[in-house]
Protein chains: 2
Amino acid sequence: MQDLVHTLPSTSKTQILDAAARVFMQHGVDVASIDDVARDLGATKGRIYHHFPSKGVLVAEVCLRAADFTYRKVAPVIDPAAPADENLRVMIRTHVPEVLRTLPYHKVIRQAYTGLYQKSTTATERALHQRIHDERDRYEGLFRHQIRRGMDGGAFRNQNLTVALHSILLLVNAPVVWYTPRADEPADFVDRVAHQLADMALRALT
Amino acid sequence: MQDLVHTLPSTSKTQILDAAARVFMQHGVDVASIDDVARDLGATKGRIYHHFPSKGVLVAEVCLRAADFTYRKVAPVIDPAAPADENLRVMIRTHVPEVLRTLPYHKVIRQAYTGLYQKSTTATERALHQRIHDERDRYEGLFRHQIRRGMDGGAFRNQNLTVALHSILLLVNAPVVWYTPRADEPADFVDRVAHQLADMALRALT
DNA sequence: AGCAAGACATACTACTCAGTATGTTGTCAA
DNA sequence: TTGACAACATACTGAGTAGTATGTCTTGCT
């Protein structure tokens with residue numbers, strides 16, 4: 001249970017996570033049942049409960065995976081020696097396409113994050129929620145650090161850091177709400193959105 | 001508990017709507033039961049089902065009320081003769097405090113909007129969902145119009161209008177996600193947040 | 001007064017769905 | 001070959017909940 005990160009994801013498990021993300025995105029986390037996820041897989045409950053002890057853990061692992069996706073992509077592009085605004089720009093241009101690539105996962109975490117701590121029944125679920133919270137804190141910390149650096153260095157204007165941080169994070173996650181992939185969209189559409197959002201975010205801080 | 005409604009007399013129906021908004025905000029729309037709402041009122045199901053034909057309609061009317069709150073406040077402050085950027089600034093400075101004043105309602109609409117159209121069982125619910133969609137479109141139209149005017153007039157730079165609009169709307173609604181009223185917050189905290197968000201939004205468009 | 005209707009409360013039903021208990025099949029090692 | 005275990009499927013239970021049917025009280029209205 002503890003070594004979820006280090007455990008190599010079995011093919012079957014990731015298939016279930018992918019299906020769960022899709023089904024939860026479509027019907028909503030609370031409305032969609034385990035049977036719905038199983039039906040999407042052409043399987044039955046047995047398969048899911050063989051890999052996950054409860055629905056709460058399944059949802060939590062979907063969220064955890066969503067947080068991992070972005071962190072693994074964005075953290076490496078940060079250059080401690082580079083100016084804060086340049087770092088933030090490349091971070092956002094990396095963040096947006098990765099989020100849209102793994103869209104179902106992020107739709108789920110957006111739904112489930114509200115009221116995740118309300119009723120953590122079992123201890124394992126509580127631990128998972130804590131890990132999700134920590135992961136999110138860690139990821140937000142990347143942005144917080146650059147924004148603070150930019151403010152201290154004069155690249156960004158001084159303003160309430162918490163408000164600014166939350167605003168920027170919601171701004172770069174905005175496509176999760178409104179974006180739906182279309183067959184007729186230009187090949188570089190996602191990249192152009194990423195560029196536009198990076199421009200808007202940086203101007204908002206300047 | 002305080003009355004969220006100052007415009008209308010506190011009728012039994014609005015009391016139910018207020019309680020529903022609070023309870024749905026706390027526990028989540030799908031998790032919270034009608035009995036939970038009734039318990040919050042010190043009443044029973046009978047009272048709620050006397051005024052609302054189904055839970056779906058109750059949720060929908062909460063969302064509809066949320067949309068009304070902001071529209072009624074923001075629409076009057078628009079001056080067709082004023083520059084687009086000035087209009088947008090005062091719109092945001094009006095929007096944010098009103099949203100935070102009626103926070104539970106907007107938390108509900110944020111939860112329920114995802115997957116509102118999925119399974120509209122009855123015809124009355126479908127009609128209500130259509131009205132919510134129209135109301136939202138109308139409200140977004142206020143912002144869209146000013147942003148387009150600003151782009152045409154040179155106050156704002158040219159960029160994808162849809163992306164810009166969605167970004168601004170999510171930016172000004174960001175406090176719905178992270179804000180929780182605190183006893184030790186300064187009296188003018190909400191107004192200062194509103195000013196900061198207006199600044200960020202306008203710079204993002206410039 | 002007396003009646004009708006509104007505004008609820010109470011008690012019940014029907015149904016969904018998370019979780020479990022148990023059965024079945026394939027694989028691999030000794 | 002067999003036994004042991006992983007990876008499921010099948011069938012079932014129990015709890016919670018949306019919705020209903022019906023009873024009760026109060027409030028105008030004539």
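A note on names: the letters A, B, ... follow the listed sequences, proteins ahead of strands, and every chain is numbered from 1.
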In whole Å, I'd like the distance from the [atom1] atom of [X] to the [atom2] atom of [N].
X      : N       : atom1 : atom2 : value
Q15(B) : dA7(C)  : CD    : C1'   : 13 Å
K13(B) : dG6(C)  : NZ    : C1'   : 14 Å
R47(B) : dT20(D) : CZ    : P     : 20 Å

Item to complete: For residues H95(B) and Y71(B), establish whether the separation of their ring centroids is below 6.0 Å.
Response: no
Practice prompt. Would you kindly check whether a donor in the side chain of K45(A) faces an acceptor in the base of dA18(C), or vice versa, at under 3.5 angstrom?
Written response: yes
Discussion item. Applying the side chain to side chain contact (heavy atoms under 4.5 Å, CB included) criterion to R22(A), which one of V37(A), D40(A), L17(A), V108(A) satisfies it?
Written reply: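 Only one of V37(A), D40(A), L17(A), V108(A) forms a side chain to side chain contact (heavy atoms under 4.5 Å, CB included) with R22(A), namely D40(A).
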Discussion item. Is there a side-chain contact between L103(A) and L100(A) in this structure, where contact means two heavy atoms from C-beta onward sitting under 4.5 Å apart?
Written reply: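 When only atoms from C-beta onward are counted, L100(A) and L103(A) do touch, with a gap below 4.5 Å.
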Worksheet item: Is the shortest heavy-atom distance from the side chain of L202(B) to the side chain of F156(B) under 4.5 Å?
Response: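 SC-SC contact between L202(B) and F156(B) confirmed.
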Item to complete: Mind checking T44(A) for me? I need base, sugar-phosphate or nothing, with any heavy atom below 4.0 Å counting as a touch.
Response: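 Base: the residue T44(A), judged by heavy atoms under 4.0 Å, touches a nucleobase.
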Worksheet item: Is the shortest side-chain N/O distance from S12(A) to OP1 or OP2 of dC8(D) below 4.0 Å?
Response: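 Affirmative; the distance criterion is met.
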Worksheet item: Looking at residues 48-55 of chain B, who's got a heavy atom less than 4.0 Å off DNA chain C?
Response: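 Contacts with DNA chain C under 4.0 Å: H50(B), H51(B).
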Item to complete: If the plane angle is over 60° it's perpendicular, under 30° parallel, otherwise tilted; pick one for F69(A) and Y105(A).
Response: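 Judged by the thresholds at 30° and 60°, the geometry between F69(A) and Y105(A) is perpendicular.
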Response to the item:
Side-chain atoms of D35(A) come closest, of dA18(D), dA9(D), dA18(C), to dA18(C)
Worksheet item: Who pairs with R131(B) by side chain to side chain donor-acceptor pair (under 3.5 Å), at least two apart in sequence or on another chain?
Response: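 Side chain to side chain donor-acceptor pair (under 3.5 Å) check on R131(B) returns nothing, list empty.
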